[in-house]
Amino acid sequence: MARLSFATLRILVTSALPYANGDIHFGQVAGAYLPADIFVKYHRLRGSDVVYVCGSDEHGVPITMTAQKQGLTPREVVDKYHVRIREAFKDFGIEFDNYSRTSLPLHHETSQGFFRRVYDKGYIKPRTTRQLYCPCCKMFLADRYVEGICPNCRAEGARGDQCEACGRWIEPFDLIEPRCKTCGETPEIRETKHWFFALSRFQEPLRKWLASKPDWKPNVRRFCEGWFKAGLRDRSITRDLSWGVPVPLEEAKDKVMYVWFDAPIGYVSSTKEWARQQGKPDRWRDYWEDSSTRLVHFIGKDNIVFHAMVWPAMLMAFDEWVLPTEIPANEFLNIESRKFSTSRNWALWLPEYLSRFPADPLRYALAVNLPENRDVDFAWRDYHARNNNELADILGNFVNRVAVFLHKNYSGRVPDVTADDDAGLEVLKAIEAAPGRIATMIDGFRIKDAAREVMTLPALGNRYFDKQSPWRSHTDDRQACDRTMATCVRLISALEVLLYPFLPHTSRRIGQMLGLGVRSWADAANPAIPGELGEPTILFTKLDDTFVDAQMARLGAEPEDTKEAQVISLDEFKKVELKTARVESAEKVEGTDKLVKMSIDLGGEKRQIVAGIGKAYRPEDLVGKTIVVVANLAPAKIRGVESRGMLLAAVDGDEIALVTVDRETKAGCEVS
RNA sequence: GGCGGCGUAGCUCAGUUGGCCAGAGCAGCGGAAUCAUAAUCCGCGUGUCAGGGGUUCAAUUCCCUUCGCCGCCA
């Protein structure tokens, strides 16, 4: 019950700062951003004093590496991704009160002030350590940027932190023949001084503090227990790097803060920036310095240690700002039953998605299956079904059938009555109960449940509409029909509000139809109805049957049944007409480097085909070759160029080898 | 190797102070209706709750163990 008091308190919500060296993917969305946005939107409707901040995390070694790889400066890298990330969030309907970035002077000042104060209190001390240094790159090397021979299994290419081959962990000094991953030079061991945060001194305070959070999610509590058991160790919080927040100590002029140290302080900087934008520069203190503030960090489980241990310890050391009140950490999102892997490109990217599809169906598909309790699977098949069966058929169709009915039979006017019959009252009761029920779920961070609960209402509407059969009562019993329609509109009116946190774009479109203006969460319990309804609109477009396959192909997925190879009959195979053909001429398709346009001789018949082999073959080398083509493939236009057939080739990534014949034959031979 | 997690209907997931005949959505099957984006509504599940053992009057839920998957740490 304590959580119900949220509405009367000040709430500061954060989502993990996304690292600015890549795009946002579905896993991050489901873990840290969508649930937070739903939580915040709901609280705004409720009139809570809520501020939602986030920003790009722009420091650290990986960004300097990305910069090097792409031939850019770190600044150019973060500028690029900061904008991409910010815009993707905006298009997805995530509404931060402020989206900042850690490379701003404001953040540097804030972090330095934080460091200085904690240092002055004696929680930060220097130590001398040994580290690998690359004389060529003139920098100390992070463990994973050193390669060599694994001391355990003798495999080549082992990284300084772990050997891929045997899976064992390695100390970088133990690598045989170590090399700098960037330039290949042999690094040397050098001494360097680093400053350590006295995390070990906070073991007991942290343990006590966590004991006061019995209702936190078990995944968070278990993670921490594991760390307590092992014992907390002091952590190095400085790095020999030029890209980052300079350490504010005379004797550490050439060092920057470890990115994990300054990143969480970004929550504060972002709040400060927000306050300035509000024209009340001190307003941030109302949140960070008021012990009644509920500080809520939405994160993925990979961030638990930092948010539940290191960051609170930092805050204890700093001793002026509030500690996290809630850390609703989510688990991971798998894609089509396989783990997310950005390196293998087994990933789905938000900007890519938004360039082709609307935000709300994805918000829904993710919300209704959030990884709240365990890792969860995202499948396009599921997305397709949710969009068609639930959004379009149940929600969209309910709104549509009501609107169309009113326009056909009532000229769009909504009967000004309140139902008092049993069936009507049952619906009104359900509407009245909904905001409270859903609120309890959201406040308890059961957002998945909440999303499903909302969708219960349009289903109820359909049932009610069917049972009342207004298409009949319209002639039999006009008053009954009036009651039914008024009740249905009331339900839609409630939905505009209740749907908003989950499907903001859809909610707005319903709102345009109703024209009732801004209403609060509480208003949804007893929703107003307009005198007249706007034109019916189709809220969701149905996806056809090719959708899933198309998305799977984009994902670079192998066919679903690669494991058990699909068996086809001889008859099925015989449908494919394979023939030999001689290439007579070939040229690149203009504006592409991959497509080659060929004129081929199929034994008396000339044809034009297009194939994506430009990276592996030069057009002039193709002329005269005898190749094998599928002769009865439906013609297709590729980049506007007609292709009447498909050539066969062995494909291994970018390695392509044409299928040819072993002995000269005439063109147009059947291949069987 | 140490610690921890997960394994529930064809699919995706709920289900902790141990006890109502173990649930929902989707898919599937049957039926009704026809206002609506061929959209809706109603009815239909004997699931070894991964396998085995134990505690208990009673276990999906607690303990031990085996198998499979995963994470953290060294």
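Labels below follow one simple rule: chain letters A, B, ... track the order of the sequence lines, proteins then strands, and each chain is numbered from 1.
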Checklist entry - Are any side-chain N or O atoms of A/Asn369 and backbone N or O atoms of A/Val376, one a donor and one an acceptor, separated by less than 3.5 Å? => result no

Item to check | Nearest-angstrom distance, P atom, B/U60 to B/A50 | outcome: 10 Å

Checklist entry - When the C1' atoms of B/G43 and B/C6 are considered, how many whole Å apart are they? => result 36 Å

Checklist entry - When you check the phosphate oxygens OP1 and OP2 of B/A27, does a side-chain N or O of A/Asn389 lie under 4.0 Å from one of them? => result yes

Item to check | P atoms of B/G18 and B/A59, separation to the nearest Å | outcome: 14 Å

Checklist entry - With rounding to whole Å, what would you report as the distance between B/U40 and B/C35 at their C1' atoms? => result 10 Å

Checklist entry - A/Lys448 NZ to B/G25 P: how many Å, rounded? => result 15 Å

Next on the checklist: Taking the side chain as everything from C-beta on, heavy atoms only, tell me whether A/Phe445 gets closer than 4.5 Å to A/Glu372.
Outcome noted: no

Checklist entry - Expressed as a whole number of Å, how far does the P atom of B/A27 sit from that of B/G68? => result 36 Å

Checklist entry - Do you know the tightest heavy-atom contact between A/Ala16 and A/Ile299? => result CB-CG2, 4.2 Å

Next on the checklist: So that I can tick it off, tell me whether A/Asp234 and A/Arg201 are bridged by a salt bridge, with the cut-off set at under 4.0 angstrom between side-chain N and carboxylate O.
Outcome noted: no

Next on the checklist: What's A/Val305 touching, base or sugar-phosphate or nothing? Going by heavy atoms closer than 4.0 Å.
Outcome noted: nothing

Next on the checklist: Starting the side chain at C-beta, find the nucleotide from B/A24, B/U37, B/G15 nearest to A/Asn373.
Outcome noted: B/G15

Next on the checklist: Applying a 4.0 Å non-hydrogen cut-off, can you work out what A/Phe540 is touching in the nucleic acid: base, sugar-phosphate, or nothing?
Outcome noted: base

Checklist outcome for this item: A/Asn369 has its side chain closest, among B/U12, B/A14, B/A74, to B/U12

Pairs under 3.5 Å (N/O, protein and nucleotides 7-10 of chain B):
unit_1	atom_1	unit_2	atom_2	d
B/G7	OP1	A/Arg374	NH1	3.4
B/U8	O4	A/Arg374	NH2	2.9

Next on the checklist: Rounding to an integer number of angstrom, what distance separates B/U12 and B/C72 when you compare their P atoms?
Outcome noted: 24 Å

Item to check | Short N-O contact, A/Arg207 and A/Glu204, less than 4.0 angstrom | outcome: yes

Checklist entry - In whole Å, what is the span from the CD1 atom of A/Ile394 to the C1' atom of B/A24? => result 13 Å

Checklist outcome for this item: Within residues 455-486 of chain A, those residues having any heavy atom closer than 4.0 Å to RNA chain B are A/Ala459, A/Asn462, A/Arg463, A/Phe465, A/Asp466, A/Trp471, A/Arg472

Next on the checklist: Regarding A/Glu390, tell me which of base, sugar-phosphate or nothing describes its non-hydrogen contacts under 4.0 Å with the strands shown.
Outcome noted: sugar-phosphate

Checklist entry - To the nearest angstrom, how far is A/Asp393 atom CG from B/C26 atom C1'? => result 12 Å

Checklist entry - Do A/Asp443 and A/Tyr42 have a side chain donor and acceptor closer than 3.5 Å? => result yes

Checklist entry - Looking at B/U12, B/U37, B/C35, which one has an atom nearest to any side-chain atom of A/Arg401? => result B/C35

Item to check | Separation of atom CG in A/Leu539 from atom C1' in B/A39, rounded to whole Å | outcome: 13 Å

Checklist entry - Rounded to whole angstroms, how far apart are CZ on A/Arg222 and C1' on B/C73? => result 17 Å

Checklist entry - How long is the line joining CG of A/Leu533 and P of B/A36, in whole Å? => result 16 Å

Checklist entry - Going by an N to O cut-off under 4.0 Å, is there a salt bridge joining A/Asp382 and A/Arg386? => result yes

Next on the checklist: On RNA chain B, compare the nucleotides closest to A/Arg452 and A/Ala392; which residue's is nearer the 5' end?
Outcome noted: A/Arg452

Checklist entry - CG of A/Leu395 versus P of B/C26: gap in Å, rounded? => result 14 Å

Checklist entry - Taking only N and O in the side chain of A/Asn400, is any of them less than 4.0 Å away from OP1 or OP2 of B/A39? => result no

Checklist entry - Hey, is the side chain of A/Lys339 poking within less than 4.0 Å of OP1 or OP2 on B/G71, counting only N and O atoms? => result yes

Checklist entry - How is A/Gly226 classified with respect to the nucleic acid when contacts are heavy atoms under 4.0 Å: base, sugar-phosphate, or nothing? => result nothing

Item to check | A/Glu372 CD - B/A14 P separation (whole Å) | outcome: 8 Å

Checklist entry - Quick one: which of A/Ile304, A/Asn303, A/Thr14 gives a side chain to side chain contact (heavy atoms under 4.5 Å, CB included) with A/His297? => result A/Thr14

Checklist entry - Heavy atoms under 4.0 Å, any strand shown: does A/Arg233 hit a base, just sugar-phosphate, or nothing? => result sugar-phosphate

Item to check | Distance between P atoms of B/U61 and B/G15 (Å, rounded) | outcome: 15 Å

Checklist entry - Relative to the ring of A/Phe357, is the ring of A/Trp380 parallel (under 30°), tilted (30 to 60°) or perpendicular (over 60°)? => result tilted

Item to check | Test: A/Asp360 and A/Arg508 ion pair at under 4.0 Å | outcome: no

Item to check | Note: A/Lys301-A/Asp375 ion pair, threshold 4.0 Å (strictly below) | outcome: yes

Checklist entry - Between A/Asn388 and A/Leu391, who's closer to the 5' end of RNA chain B by nearest nucleotide? => result A/Leu391

Checklist entry - Parallel, tilted or perpendicular for A/Phe202 and A/Phe197, by the 30°/60° rule? => result parallel

Checklist entry - Can you tell me how far P in B/G45 sits from the matching atom in B/G30, rounded to whole Å? => result 16 Å

Checklist entry - Between which residue ranges does RNA chain B form stems of three or more consecutive Watson-Crick or G-U wobble pairs, both distances under 3.5 Å? => result B:1-7 with B:67-73, B:10-13 with B:23-26, B:28-32 with B:40-44, B:50-54 with B:62-66

Checklist outcome for this item: Scanning both residues in full, the closest heavy-atom pair of A/Pro504 with A/Arg363 reads CD-NE, 3.3 Å

Next on the checklist: Counting C-beta onward and ignoring hydrogens, is there a side-chain heavy-atom pair between A/Leu34 and A/Phe92 closer than 4.5 Å?
Outcome noted: yes

